[in-house]
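Accompanying notes for the structure given below.
These numbers come from the heavy atoms of this one structure, side chains and all, not from hydrogens, waters or symmetry mates.
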Protein chains: 2
Amino acid sequence: MLLKDIGEVGIIKRISAYTQDEKENIIVGIGDDAAVVRTNPELASVYTTDILVENIHFSLSSISPFQLGYKSIMVNISDIAAMAANPRYALISLALDLNTDVKLVDEFYEGVIKAASSYGVVVIGGDLSKADTLIVSVVLIGEVEEGTIRRRNTASVGEKILVTGKQGSSAAGLNLIMNKVNLNLISDSEKDELIKAHIMPVARVKEAKLAAALGAASMEDISDGLAADLRHICEQSKTGARVYLSKIPINDSVRKISKALTGSEYELALNGGEDYELVLTAPESKVNQIADEILKICKTPVSVIGEIVADTENISIIEEDGSSKKLSFYGFNHFKDM
Amino acid sequence: MLLKDIGEVGIIKRISAYTQDEKENIIVGIGDDAAVVRTNPELASVYTTDILVENIHFSLSSISPFQLGYKSIMVNISDIAAMAANPRYALISLALDLNTDVKLVDEFYEGVIKAASSYGVVVIGGDLSKADTLIVSVVLIGEVEEGTIRRRNTASVGEKILVTGKQGSSAAGLNLIMNKVNLNLISDSEKDELIKAHIMPVARVKEAKLAAALGAASMEDISDGLAADLRHICEQSKTGARVYLSKIPINDSVRKISKALTGSEYELALNGGEDYELVLTAPESKVNQIADEILKICKTPVSVIGEIVADTENISIIEEDGSSKKLSFYGFNHFKDM
């Protein structure tokens, strides 16, 4: 049996069987944005790690070494943010061809430091080794008070579903970079904005901490796409969800690109991924304060896009005309980066 | 300018310029076996990470998935041991081809758990992604009381140099696996022992903690080879060293293989690498107790192989006839795995 036959969920289930979850000082084990371990009575340590492989996860023809360094750190900071934790330390490992120009390494680290320092993250170590293609491995270490941690498995029926920022911009930017889009569709400034969303994403650290402090129940960052990440929350919380298509916040430029590429103006927002916004759930009584405070303090818009319902309903997408479809209709289940 | 032109030391110096070392809660930054961060008043957290790439660092034609999983964890536990710390948690990331048989992943994780559980290490997370070849990334997290930490930069002139176990066995084992050795040189049981030393190394966690408790001053694990790792200690401590060739503990089988392959029976012991023994320094007054206790409690032999001298002498190798040569004569400075 091959990996592609059992799929991502199958592989993670299989691996989970080999690991120990939530014993002794392990507060969160495998299966969330990051692992959490109790390191002292007040603070827990939060760990996440990622491998990025050239020509699989990135191409140096479409991202500069600086941008790659920046993004490698930022997407891991986003995983720490998704636990409502403070990112603190990073280890960066590079495997690369010895015929690589030193300038690439310099620029890569400049990007790393740019992203890390803007969040107060300090690079404390790493590893260097040979390889035929460039491989980046990042470890991000965060800290959080145990009660502040927000997980994927803590959504409850009746809670509202909120997202920060706009959805699908990163995927639209990627399609622009790859020249798959008719450029007459959008303006130059819209183009620049979408490409920036893909290449230089922003992790929602402050937003996540505010949301947790103001009563968010469950939380995840949107790395695989809103549909996939909301599905993680539902599966782990044993709930369903109802999402109103018209309430998903999407830039007009993204709607146009999505429509032109896929026939649906929602496709990139639902399945694009890499926006690194947050999807979270909260009781209705907390929703206004969460949205207002995040907008006021972080200048980040927050939108209510639906609600958590019983497991039996699965994830329903409510169309503009009020009709309801299963989320699976919208093409989720691409084996993207696993 | 290419990476191979500036070499390992050049790259690490360059990267260090981008990182912050020993500020605030950072006890050990870049350049040691592992990074150390103060996480609470009593305990510090210790972090190390490694990337292993198929056909660069290992070949599945000569190591089984089980052995690869085992060794991936063990070599990182060894880095934690080298700081005299307790290994506690691991994150394992795999990037692999989706046409990989699930059995490989199962066996890999069985090896991971075998190594981890034998040291009380719990696997708490990781990442899965696509790649064309198998890539393994390991993060090992340890704990240590701050005063117990042993570093590379704390050797002093006059201290003795000690090593645990035997040197060169792993490199001899690798040459056996790669069929580079006339098998008539050694017995079948010797052959098995050397291959095991390469494929299933043992991290010296207990030995390191005992040595630290009994007065070892500086310490490192021997991953790059005795010559290279002793050079790290000397460079970082700003000392030289004198090593007596005849005192380096080497199995007879390794001497034979080394002589046949290189013309010198010491070559594999000095430059072979991957033995994961410890090299440490200690004041003469502490040496006997360190050696006796480690032998008694761990059944691991400890040998005094030389002494730390002033920087100006560099690293001298004292031959059996009493003549002295610079270490560089012995061919160190291969750009192995960086």
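At a 4.5 Å heavy-atom cutoff, the contact between S45(B) and chain A is made by side-chain atoms alone. For a residue to count as touching a neighbouring chain, one of its non-hydrogen atoms must lie under 4.5 Å from one of that chain's; by this rule Y89(A) touches chain B with the side chain only. Using a 4.5 Å cut-off between heavy atoms, D5(B) makes no contact with chain A at all.
Shown here is E145(B), whose CD atom has no more than 12 heavy atoms of other residues, nucleotides or ligands within 6.0 Å.
Separating the CG atom in L3(B) from the CG atom in L104(A) is a distance of 8.0 Å, to the nearest 0.5 Å. For the atom pair CG of L128(A) and CD1 of I51(B), the computed distance is 9.0 Å after rounding to the nearest 0.5 Å.
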Evaluate the side-chain contact (heavy atoms from CB on, under 4.5 Å) criterion for residues T39(A) and L43(B): first the C-alpha distance (whole Å), next the side-chain angles of each, then the deciding distance (0.1 Å), finally the verdict.
-> CA-CA 8 Å; T39(A) 39; L43(B) 278 181; over 6 Å; no
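Chain A forms more heavy-atom pairs under 4.5 Å with one residue of D106(B), T49(B), V105(B) than with any other, namely D106(B).
For the pair K130(A) and H57(B), the tightest heavy-atom approach, listed with the atom from each and the gap, is O-CE1, 3.4 Å.
Looking only at side-chain heavy atoms (C-beta outward), R88(B) and V37(A) stay at 4.5 Å or farther from each other.
Contacts classified as salt bridge (Lys or Arg N to Asp or Glu O under 4.0 Å) and involving residues 38-60 of chain A (residues at least two apart or in different chains) are given here: R38(A)-E146(A).
Not counting sequence neighbours, the partners of R152(A) by the salt bridge (charged side-chain N to carboxylate O under 4.0 Å, His left out) test are D32(A), D33(A), E220(A).
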Please list, one pair per line, the donor and acceptor atoms closer than 3.5 Å that link side chains of residues 90-102 of chain A to other protein atoms, with sequence neighbours excluded.
unit_1, atom_1, unit_2, atom_2, d
S93(A), OG, D127(A), N, 3.2
D97(A), OD1, N99(A), N, 2.7
D97(A), OD1, N99(A), ND2, 3.4
N99(A), OD1, K4(B), NZ, 2.5
T100(A), OG1, D97(A), O, 2.5
D101(A), OD1, K103(A), N, 2.9

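Contact annotation for residues 134-144 of chain B against chain A (heavy-atom separation below 4.5 Å, listed by residue number): I135(B), S137(B), V139(B), I141(B).
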